[in-house]
Amino acid sequence: MKRGRKIVALAHCILNSNAKVAGIAQTPGAIPVIVEGLLRDGVGIVQLPCPEQTYGGCRRWGMTREQYDVPNYRKHCRTLLEDVVDQMEDYLRNDYEVLGIVGVDGSPSCGVDRTCVGYPGGEIASMQLLPECSIVEGRGVFLECLMSMLHDRGVSIPAVGIDEALQEALSWDELLKKLCRCGEGVGTP
Ligand code: SF4
């Protein structure tokens with residue numbers, strides 16, 4: 001069968017919830033509605049690396065954007081993303097259609113429109129009550145690095161975020177519509 005020449009890049013945990021911070025996965029593995037839609041439409045999938053699991057491992061604590069927004073984590077993100085950005089640029093220069101990037105809103109790393117802020121840091125054991133984190137408008141550190149690296153290459157690809165808390169409302173068709181709306185003028189110069 002002929003290749004479809006359409007590709008989407010998904011945040012790692014959309015295909016593998018095992019990478020998430022312990023206790024917050026909403027699915028046993030991949031998110032079915034997204035995978036089913038991609039299979040139906042014949043869209044190829046690039047799975048982005050999980051920056052947090054590769055940085056802090058499976059036993060990491062949930063952290064906020066401020067805690068991840070440090071030079072060494074940004075360096076880690078940029079290292080992971082070098083090959084991804086190479087791939088995206090090459091696909092676009094060879095007439096493939098990169099429909100976009102799908103991140104995870106609310107994540108301090110992979111949020112597209114919303115991220116998580118709050119904890120100032122400190123000794124957890126000495127805290128009477130853990131400070132609350134909150135979801136605010138803004139981009140996660142990993143997504144920010146990705147978009148900036150693409151921009152530096154002159155590559156423009158749209159990004160949208162899923163809200164995992166609203167699993168029932170998730171639909172690949174809706175995501176695709178959002179990507180198309182954000183994606184006018186995508187490509188390379
Ligand atoms: S860092 Fe990104 S890929 Fe990893 S678990 Fe969080 S949202 Fe998913």
Side-chain angles (χ1 to χ4, degrees), residues 7-35 37-38 43-85 87-88 98-119 121 130 132-150 157-172 174-175 178-179 182:
I7 292 152
V8 71
L10 301 182
H12 185 96
C13 61
I14 293 175
L15 296 176
N16 174 27
S17 69
N18 298 292
K20 297 187 87 67
V21 166
I24 66 167
Q26 302 283 323
T27 51
I31 298 179
V33 285
I34 296 183
V35 176
L38 290 165
V43 177
I45 302 166
V46 171
Q47 183 179 26
L48 298 174
C50 172
E52 293 181 15
Q53 201 268 337
T54 51
Y55 190 76
C58 289
R59 295 176 182 232
R60 70 190 183 279
W61 295 109
M63 304 216 302
T64 57
R65 191 184 192 288
E66 297 99 313
Q67 291 174 302
Y68 277 121
D69 192 11
V70 294
N72 197 39
Y73 186 65
R74 284 186 174 269
K75 197 191 299 170
H76 170 69
C77 291
R78 296 182 82 87
T79 301
L80 291 178
L81 285 165
E82 277 296 333
D83 288 347
V84 172
V85 173
Q87 267 182 292
M88 294 298 143
V98 180
L99 301 175
I101 297 154
V102 182
V104 180
D105 275 336
S107 161
S109 297
C110 298
V112 176
D113 297 315
R114 292 193 304 284
T115 188
C116 164
V117 297
Y119 309 145
L130 275 176
E132 297 217 342
C133 65
S134 38
I135 303 296
V136 298
E137 281 185 17
R139 196 152 270 184
V141 174
F142 182 70
L143 246 289
E144 200 170 74
C145 290
L146 173 55
M147 299 316 269
S148 147
M149 289 169 76
L150 289 168
I157 299 174
V160 299
I162 60 163
D163 186 340
E164 283 187 296
L166 304 173
Q167 287 267 333
E168 282 99 55
L170 271 180
S171 130
W172 165 243
E174 285 305 313
L175 282 174
K178 274 170 91 178
L179 284 171
C182 306

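For ligands, and for the atoms within them, numbers begin at 1 and follow the listed sequence.
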Undergrad: Could you check whether the rings of Y68 and Y55 sit parallel, tilted or perpendicular, using 30° and 60° as the cut-offs?
TA: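 Because their plane-to-plane angle is over 60°, the rings of Y68 and Y55 count as perpendicular.
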Undergrad: Does any part of the side chain of E137, heavy atoms only, come nearer than 4.5 Å to the side chain of D113, both counted from C-beta?
TA: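 They are not in contact (no side-chain heavy atoms under 4.5 Å apart), so the answer is no.
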Undergrad: Just to confirm my output: which protein heavy-atom neighbour is closest to atom 4 (Fe) of ligand 1, and how far is it?
TA: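 It is C50 SG, 2.3 Å.
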Undergrad: Compare all side-chain heavy atoms of V136 with those of R114 and state whether any distance is below 4.5 angstrom.
TA: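 No, their side chains stay 4.5 Å or more apart.
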Undergrad: Suppose I only count heavy atoms of H12 and a 4.0 Å limit; which atoms of ligand 1 are within that range?
TA: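 Atoms satisfying the 4.0 Å criterion: 3 (S).
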Undergrad: For ligand 1, which atoms, with element, lie under 4.0 Å from some heavy atom of C110?
TA: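 Once the distances to C110 are compared, the set is 1 (S), 2 (Fe), 3 (S), 7 (S).
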Undergrad: Using every non-hydrogen atom in the two residues, find where S148 and R78 come nearest and quote the distance to one decimal.
TA: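 Closest approach of S148 to R78, heavy atoms only: OG-NH1, 3.9 Å.
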Undergrad: Decide whether the shortest distance between a heavy atom of Q53 and an atom of ligand 1 is less than 4.0 Å.
TA: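 So Q53 does not count as touching ligand 1.
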Undergrad: What is the distance from atom SG of C116 to atom CD of Q67, rounded to the nearest 0.5 Å?
TA: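 If we round to the nearest 0.5 Å, C116:SG and Q67:CD are 8.5 Å apart.
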Undergrad: Side chain, backbone, both or neither: which applies to C13 and ligand 1 if a contact is any heavy-atom pair less than 4.0 Å apart?
TA: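 The answer is both.
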Undergrad: Hey, which atoms in ligand 1 end up nearer than 4.0 Å to a heavy atom of P51?
TA: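 Listed by number with element: 1 (S).
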Undergrad: Which ligand 1 atoms does K20 reach within 4.0 Å, using its non-hydrogen atoms?
TA: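 Counting atoms of ligand 1 from 1, those under 4.0 Å from K20 are 5 (S).
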Undergrad: Of the non-hydrogen atoms in A159 and M147, which two are nearest, and what is the gap between them?
TA: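 Nearest heavy atoms, A159 then M147: CB-CE, 3.9 Å.
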